[in-house]
There are 2 protein chains.
Amino acid sequence: MTKSGLEAYEQLCDEISRLHHEFSPRLGQIAEFALANPNAMAFETVAQLADLADVQPSSFVRFAKAVGYEGCSSMQQVFRARLMDHQPSYDERIRALRQRDLEGAAPFALLNDFSVAATEGLAHLRETVRPEQLERAVSLLAGGSIVYVLGLRRSFPVAAYLAYAIGKLQRSVNLIDGIGGMLEEQASCIKARDTLLAVSFRPYADEAIGVVREAHERNASIVCITDGPLNPLARMADSVLEVRDAEVEGFRALSASMCLALTLVVALGRRVEDL
Amino acid sequence: MTKSGLEAYEQLCDEISRLHHEFSPRLGQIAEFALANPNAMAFETVAQLADLADVQPSSFVRFAKAVGYEGCSSMQQVFRARLMDHQPSYDERIRALRQRDLEGAAPFALLNDFSVAATEGLAHLRETVRPEQLERAVSLLAGGSIVYVLGLRRSFPVAAYLAYAIGKLQRSVNLIDGIGGMLEEQASCIKARDTLLAVSFRPYADEAIGVVREAHERNASIVCITDGPLNPLARMADSVLEVRDAEVEGFRALSASMCLALTLVVALGRRVEDL
DNA sequence: TCAAATATAGAAAATTCATTCCAAATAATG
DNA sequence: CATTATTTGGAATGAATTTTCTATATTTGA
């Protein structure tokens with residue numbers, strides 16, 4: 001396994017500490033500065049660092065060489081990697097996962113990888129959804145006299161689940177599924193007091209966009225479950241909930257989406273009960 | 001109070017999202033890159049970013065100006081401030097989550113509970129499904145000349161997903177959904193060389209049992225996804241896969257089921273590819 | 001105290017960088 | 001189809017950055 005950013009950083013700190021007592025005064029001064037200001041070391045230019053540490057830029061270069069690097073630039077990479085490492089992006093984690101799943105192709109290995117990916121997706125969901133967003137979405141759903149649920153193609157299973165579950169709450173719910181080619185007819189039922197709950201993932205189906213636009217023009221409330229902020233639906237929506245299910249070979253597991261859907265439904269049920 | 005690095009960053013993200021739809025193609029491309037790679041945006045030089053995003057450096061400068069900055073450098077400060085500000089350890093992240101859970105509204109607490117429950121469901125799935133069961137299920141699916149997918153009521157979303165995904169593999173697939181009251185007619189198409197993939201959770205719908213029985217009598221292969229061994233379908237099935245999604249107030253999240261479904265589909269795709 | 005060695009400061013040089021500008025390409029308009 | 005407006009690619013520019021170099025200062029050891 002390749003060395004992580006944090007490890008390299010800690011190793012460098014150790015090295016600096018070890019050498020500190022045998023450094024010349026100026027180098028020692030820089031060593032202390034470096035250990036005390038790792039953020040600055042990561043971001044500032046040598047000139048700025050020199051200014052902050054009250055030394056000459058050339059001293060910084062000598063320092064970098066003294067601890068074993070070719071120059072300041074390569075030393076700086078270590079301080080940067082540390083910050084990167086602290087926050088591995090969701091994409092990076094999933095990419096790492098995908099790397100592994102290429103090795104074992106057996107179905108069981110797949111199940112393992114996908115379930116780990118789904119777990120990551122759920123964790124991501126917890127971390128990124130903001131309480132007030134959820135709150136708002138539930139309010140909009142509770143406020144609509146009829147809830148319309150939209151989801152086509154890959155989003156359809158989520159929409160179907162939402163419609164089923166909301167229906168069990170004894171609320172008026174309508175699944176816009178485009179059955180019999182009647183998408184527009186279904187959409188045209190949406191009125192101003194209603195709420196449209198739209199589920200849409202990339203690539204965003206044109207028909208779905210059309211339905212949302214129509215609902216928007218009719219002044220219906222719109223709650224949108226989607227996979228990213230760069231989404232043609234987002235700007236028409238009154239509430240946007242972001243989910244990022246791991247995608248493998250073009251398929252999304254929808255595990256996190258389903259979890260969010262369940263949350264919305266149960267929260268809606270409680271809200272309605274309380275009234 | 002002075003604006004934190006994180007706030008500024010989130011504000012910038014919002015702005016990018018808001019403007020995305022009116023950007024030119026190249027600017028849109030950069031917008032997506034920026035949101036997907038905030039780390040790179042913080043550290044890399046414009047030339048490197050341009051290379052990564054596959055655009056010209058000048059386009060990056062145009063982008064920075066389009067979102068309201070004087071140039072790339074000032075925009076980059078925002079991405080850097082985010083990392084400066086925000087270097088939580090794992091423990092801190094957990095604590096922050098608890099904090100939000102406590103002070104946050106009820107729906108968010110629900111989301112937390114459900115996502116934890118779903119995570120446990122996934123772990124359970126990993127632990128209980130045996131490799132040879134999966135192998136067998138995939139073989140049966142690969143062997144059938146037509147795959148029929150059955151799932152009614154709460155199981156319907158899983159079935160819909162399976163049908164959609166198997167269809168994308170260019171295989172003949174047929175979703176038995178009982179549309180137009182034609183459940184029996186749909187079921188009567190199943191022949192001996194076909195495979196029925198039945199999804200059924202408690203309380204097992206009578207109609208579903210009927211369809212499986214009919215398929216069984218016609219000597220079709222039967223793969224069953226269900227929630228326990230005490231299931232009327234199990235004894236007719238050639239392969240049984242057991243999933244236990246967490247249940248809350250009578251609702252199942254289906255997260256684990258979706259994960260298993262994805263696994264079956266991708267494994268099937270690979271199996272067919274290899275032939 | 002004096003020479004030798006080492007460390008430092010600061011200027012200079014060589015890169016690299018962000019930005020600008022203009023021409024080519026593309027899309028919109030009449 | 002011709003014209004106009006946008007958008008895009010890529011070279012040019014000038015500022016900034018890292019690094020090297022050298023004269024000066026400081027320390028070391030006799």
Side-chain angles (χ1 to χ4, degrees), chain A residues 12 15-16 18-34 37-84 206 230 232, chain B residues 8 12 15-16 18-34 37-84:
Chain A
L12 173 55
E15 182 72 357
I16 292 173
R18 194 177 64 78
L19 293 172
H20 180 249
H21 76 276
E22 62 192 35
F23 276 156
S24 65
R26 209 40 43 110
L27 256 45
Q29 185 182 339
I30 294 173
E32 283 165 35
F33 176 86
N37 304 76
N39 278 345
M41 293 295 287
F43 289 118
E44 310 295 337
T45 67
V46 174
Q48 286 166 308
L49 289 173
D51 202 48
L52 288 170
D54 207 32
V55 297
Q56 290 292 321
S58 49
S59 299
F60 255 92
V61 177
R62 276 182 290 121
F63 174 77
K65 290 183 172 170
V67 292
Y69 295 89
E70 204 178 303
C72 276
S73 308
S74 47
M75 180 179 67
Q76 206 169 31
Q77 291 308 316
V78 177
F79 286 93
R80 294 187 168 184
R82 159 180 162 269
L83 290 175
M84 300 263 223
D206 286 339
L230 300 179
Chain B
L12 172 56
E15 182 71 357
I16 292 173
R18 194 179 62 78
L19 292 172
H20 179 251
H21 75 101
E22 60 192 34
F23 276 158
S24 64
R26 207 38 47 102
L27 255 44
Q29 185 181 338
I30 295 174
E32 284 167 38
F33 177 87
N37 304 77
N39 279 344
M41 293 296 287
F43 289 119
E44 309 294 338
T45 67
V46 174
Q48 287 167 307
L49 289 172
D51 203 48
L52 288 170
D54 207 29
V55 298
Q56 289 292 321
S58 49
S59 298
F60 254 90
V61 177
R62 275 194 291 266
F63 175 77
K65 292 185 170 167
V67 293
Y69 295 87
E70 204 178 299
C72 276
S73 310
S74 47
M75 179 179 68
Q76 204 169 34
Q77 292 307 316
V78 178
F79 286 94
R80 294 187 168 183
R82 158 177 164 272
L83 288 177
M84 300 262 223

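In what follows, chains are A, B, ... by sequence order, proteins preceding strands, each numbered from 1. Hydrogens, waters and symmetry mates play no part in the numbers below; they use all other heavy atoms, side chains included. Keep in mind it's a predicted model, so treat the numbers as computed, not measured.
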*Nearest whole angstrom, please: distance from the P of dA7(C) to the CZ of F63(A).*
15 Å

*Would you please confirm or rule out a distance under 4.0 Å between OP1 or OP2 of dT8(D) and any side-chain N or O of R62(B)?*
no

*Look at the rings of F43(A) and F43(B) and say which category their plane angle falls in: under 30° parallel, 30 to 60° tilted, over 60° perpendicular.*
parallel

*Within the structure, does a side-chain N or O atom of Q56(A) lie under 4.0 Å from either OP1 or OP2 of dT8(C)?*
no

_Measure CG/L27(A) against P/dT26(D) and give the value in whole Å, please._
18 Å

_Rounded interatomic separation in angstrom, taking OH from Y69(A) and C1' from dT18(D)_ = 18 Å

*Consider the side chain of T45(A), meaning its heavy atoms from C-beta on, and name the nucleotide among dT8(D), dA7(C), dT18(D) that approaches it most closely.*
dT18(D)

*Between F23(B) (CZ) and dT8(D) (P), how many Å, whole number?*
11 Å

*Do the side chain of S58(A) and the base of dG10(C) come within less than 3.5 angstrom through a donor-acceptor pair of N or O atoms?*
yes

*OP1 or OP2 of dT19(C) sitting under 4.0 Å from any side-chain N/O of S73(B)?*
yes

*Atom-to-atom span, CD1 of I30(B) to C1' of dA18(C) - whole angstrom*: 14 Å

*From dA18(C), dT19(D), dT19(C), nucleotide with atom closest to V61(A) side chain*: dT19(D)

_Apply side chain to side chain contact (heavy atoms under 4.5 Å, CB included) to residues V46(A) and Q76(A) and explain how you reach the verdict._
CA-CA 9 Å; V46(A) 174; Q76(A) 206 169 31; 5.9 Å; no

*Is it true that atom CD of E22(B) has more than 12 heavy atoms of other residues, nucleotides or ligands lying nearer than 6.0 Å?*
yes

*Under-4.0 Å side-chain N/O to phosphate OP1/OP2 contact, K65(A) with dT20(D)*: yes

*Just how far, in rounded Å, is C1' of dA16(D) from CD of E44(A)?*
14 Å

*R26(B) and Q29(B): side-chain donor and acceptor closer than 3.5 Å?*
yes

*asked:* Looking only at the side chains, is there a donor atom on one of Q56(B) and S59(B) sitting less than 3.5 Å from an acceptor on the other?
replied: no

*Return the value, rounded to whole Å, for the distance between atom CZ of F60(A) and atom C1' of dG10(C).*
16 Å

*What nucleotide among dT8(C), dT8(D), dT19(D) has an atom nearest to a side-chain atom of P25(B)?*
dT8(D)

_Rounded distance (Å) that lies between atom C1' of dA18(C) and atom CG of L49(B)_ = 12 Å

*Sugar-phosphate only, base, or nothing, as touched by V46(A) at under 4.0 Å among non-hydrogen atoms*: sugar-phosphate

*Position toward the 5' end of DNA chain D (nearest nucleotide), P57(B) or E22(B)*: E22(B)

